[in-house]
Amino acid sequence: MMPIAALAACGIVLGLSSALMKPQVQEALPFLAASVPLFIISTLNKVSGIVFTLMPVLFAISIALGLAKGDKGVAAFAGFLGYYSFLVASSCIIATGIIDFSAMKISPILGVETVDMGATAGIIAGLVAAWLHNKFHKVQFPAAVAFYGGKRFVALIVIVTMAGIGLVMPLIWEPISVGINGLGTLIHSAGAFGVFIFGTLERLLIPTGLHHVLNSLFRTTPLGGVYDGVEGCLNIFLQYVDKVPLSDLRQYTQFLGQGKMPFMMFGLPGAALAIYQTSPKEKKEKVKALMIAGVAASFVSGITEPLEFSFMFMAPVLFVFHSIMGGISFMLMSVLGVIVGNTGGGIIDFFIWGVFQPGSHWYWIPIVGIPYAFIYYFVFKWYLTRKNLSIDVSDDEEEGGSASLSVDEKFRNLATTVIDGLGGFENIIVVNNCISRLRVDVKDMSLVKEDVLKKTGSLGIVKPSESHIQVIYGPKVEKIADAVRAVLKY
């Protein structure tokens, strides 16, 4: 998630600077065309835009960092070395002319003329570096060569392994690339229906966390489209938003943030109101606090899991309804010609990539969104009332004296409880997190105490395998994850 987070942050700067450089905007605000403001804006535009050309490098470093079980900095360093070794080795095999490589995309990357696999090469490098690091970062050698053991050996083995992969990959990438391009063409040729399927799957995969994989494939590979050699709908949009007419990018933004905005900014808040109104009187205050926090996260930043997990398991029928409405939302935005890119579905992206971009047709979002709010409200209220359902809220009364604790002390106490809920110190292998989930590898899943985790404010628990558990906390998860990792080190 780190590369995606970097793209989202830099995307805001890129979008705002791109909007301020539009002729229509500068005509309305002539001072923006003056030398000093224009220099500042154009500099910000170029600096923020360079991140998108470094996507493979970001993946190589971040995946190695995220999957390493210890000494994460060493793994990240090895991820970059592995990626660069791959580039150089690939360029060497291409230079031999052993076969005709003319049908393959060859580009200058980090100063090397080599096969251009986009983010895929970075992902491979990150995965290989993480695996080798976890396997060898504590290896010990005899005294004579002990210097090259442990962390130093990781760099050596990653360089050699990725060089080997780099020599082979150009020979096998051509048929794989053809297959990926064919699948992307098929999805695009399906038109509005293809967009509907994408949008529905994007929501349905939320419980598993695999929606990140689906999004990444469309955003960074040919599945999302190819434009002038650039692959992936997000890469295309952010690299060309200020270089070509906005209308040229319409077929790529249909897989981006615009499809989320009607249900993130309007639909889910309507559902939250219905959930609050149908809650029993004794639960109302706690439900109200939970719903306000969830609506704020969804409306402002497009983080929907706090709301979705509040009803996902309690009323799976409503989640299926929500997923289908998500698919319809993506399809309507495409059919209506909306051109609002980037990854988020909240109000910030709505203004920066919609309202501030001439020709984006942003007005269709509230036109569709307002009916969405009413539909979600009435469907949720009808179903919850008919089934007599109400969401669970954590029973988290403050313990005596807790009011005098500092924020750090409260999070440390919370982290201790989370560790207990995960089966104790000895049961935890590694703790990671994404935007909204604590992702933990455990030794024995039977030791996990779900009732304890729910008392920590968890909005839901997912167990994708017998050794991995995801605890959903929403936007505050990073603070919780840091506190858990800090307590585990004591």
Side-chain angles (χ1 to χ4, degrees), residues 199-200 202-207 211 257 259-330 332 344-350 365-396 435-437 454 456-462 471-477:
T200 302
E202 200 267 344
R203 287 297 99 185
L204 280 176
L205 290 172
I206 287 283
H211 61 296
K260 303 176 182 180
M261 291 176 182
F263 66 81
M264 285 185 174
M265 293 168 55
F266 298 93
L268 284 174
L273 178 59
I275 291 172
Y276 166 71
Q277 290 185 346
T278 55
S279 297
K281 188 175 181 180
E282 65 273 13
K283 285 186 176 182
K284 261 186 162 54
E285 283 306 308
K286 288 185 177 180
V287 171
K288 179 181 179 181
L290 183 63
M291 291 298 103
I292 289 175
V295 167
S298 179
F299 185 81
V300 175
S301 56
I303 297 175
T304 58
E305 285 164 309
L307 284 178
E308 289 167 332
F309 275 88
S310 70
F311 65 84
M312 182 185 297
F313 302 111
M314 176 262 296
V317 171
L318 287 179
F319 184 71
V320 173
F321 160 79
H322 167 56
S323 299
I324 293 172
M325 291 295 287
I328 294 172
S329 176
F330 270 88
L332 287 176
I347 191 69
I348 295 174
D349 276 17
F350 171 69
I365 292 172
I367 291 175
V368 172
I370 292 172
Y372 254 60
F374 284 100
I375 293 170
Y376 268 70
Y377 172 76
F378 286 115
V379 169
F380 270 67
K381 189 169 185 179
W382 169 78
Y383 186 83
L384 294 173
T385 302
R386 184 169 178 264
K387 296 291 184 179
N388 194 27
L389 295 172
S390 64
I391 69 170
D392 291 327
V393 286
S394 60
D395 190 15
D396 55 355
I435 293 175
S436 58
R437 307 179 187 209
K454 288 178 180 177
T456 64
S458 164
L459 302 167
I461 296 170
V462 179
V471 189
I472 293 86
Y473 286 107
K476 63 182 179 181
V477 69

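The residues of the chain are indexed from 1 along the displayed sequence. In this text the structure is predicted, and so the values were computed from the model without any measurement.
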> Can you tell me how far apart CD1 (Ile375) and CZ (Phe266) are? Round to the nearest 0.5 Å.
13.0 Å
> Can you check whether Gln277's main-chain N or O pairs, donor with acceptor, with Lys284's side chain at less than 3.5 Å?
yes
> Quick check for you: to the nearest 0.5 Å, what is the distance between Met325 atom CE and Phe319 atom CZ?
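Separation between the atoms: 14.0 Å.
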> Any salt bridge (Lys or Arg N to Asp or Glu O under 4.0 Å) pairs touching residues 306-315, not counting sequence neighbours?
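For residues 306-315: Arg203-Glu308.
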> Among residues two or more places apart or on two chains, list those pairs meeting salt bridge (Lys or Arg N to Asp or Glu O under 4.0 Å) that have a residue in residues 259-278.
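Matches after skipping sequence neighbours: Glu202-Lys260.
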> Which pair of heavy atoms, one from Tyr372 and one from Pro262, lies closest together, and at what distance?
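Nearest heavy atoms, Tyr372 then Pro262: CB-O, 4.0 Å.
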> I'd like to check the ring pair (Phe, Tyr, Trp, His ring centres under 6.0 Å) partners of Phe311; sequence neighbours left out, ordered by chain and number.
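So Phe311 forms a ring pair (Phe, Tyr, Trp, His ring centres under 6.0 Å) with Phe380.
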> Which value, rounded to the nearest 0.5 Å, describes the distance between Asp349 atom CG and Ile365 atom CD1?
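Output value for this atom pair is 10.0 Å.
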> For Tyr376, which residues count as a side-chain hydrogen bond (donor to acceptor under 3.5 Å, both in side chains) partner, sequence neighbours excluded?
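Only His322 meet the side-chain hydrogen bond (donor to acceptor under 3.5 Å, both in side chains) criterion with Tyr376.
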> Kindly indicate whether the side chain of Leu273, heavy atoms from C-beta on, has any atom under 4.5 Å from the side chain of Val295.
no
> Does Phe263 reach the side chain of Ile328, with side-chain heavy atoms less than 4.5 Å apart?
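Sidechains of Ile328 and Phe263: no contact.
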> A side-chain contact here means heavy atoms from C-beta on lying under 4.5 Å apart; do Val471 and Val477 qualify?
no
> Report the distance from atom OG of Ser329 to atom CD1 of Ile324, rounding to the nearest 0.5 Å.
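Result: 13.5 Å between the selected atoms.
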> Nearest 0.5 angstrom please: Leu384 CG to Trp382 CH2, how far?
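The distance works out to 10.5 Å.
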> Can you tell me if Thr278 uses its side chain to pair, donor with acceptor, with the backbone of Ile275 under 3.5 Å?
yes
> Sequence neighbours excluded, which residues qualify as side-chain contact (heavy atoms from CB on, under 4.5 Å) partners of Ile292?
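If we apply the side-chain contact (heavy atoms from CB on, under 4.5 Å) test to Ile292, skipping adjacent residues, the hits are Lys288.
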> What residues, two or more places apart in sequence or in another chain, satisfy side-chain hydrogen bond (donor to acceptor under 3.5 Å, both in side chains) together with Tyr383?
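Result, side-chain hydrogen bond (donor to acceptor under 3.5 Å, both in side chains) vs Tyr383: none returned.
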> Looking at Ala274 and Lys381, what are the two nearest heavy atoms and their distance?
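Of all heavy-atom pairs spanning Ala274 and Lys381, the closest is CB-N, 3.6 Å.
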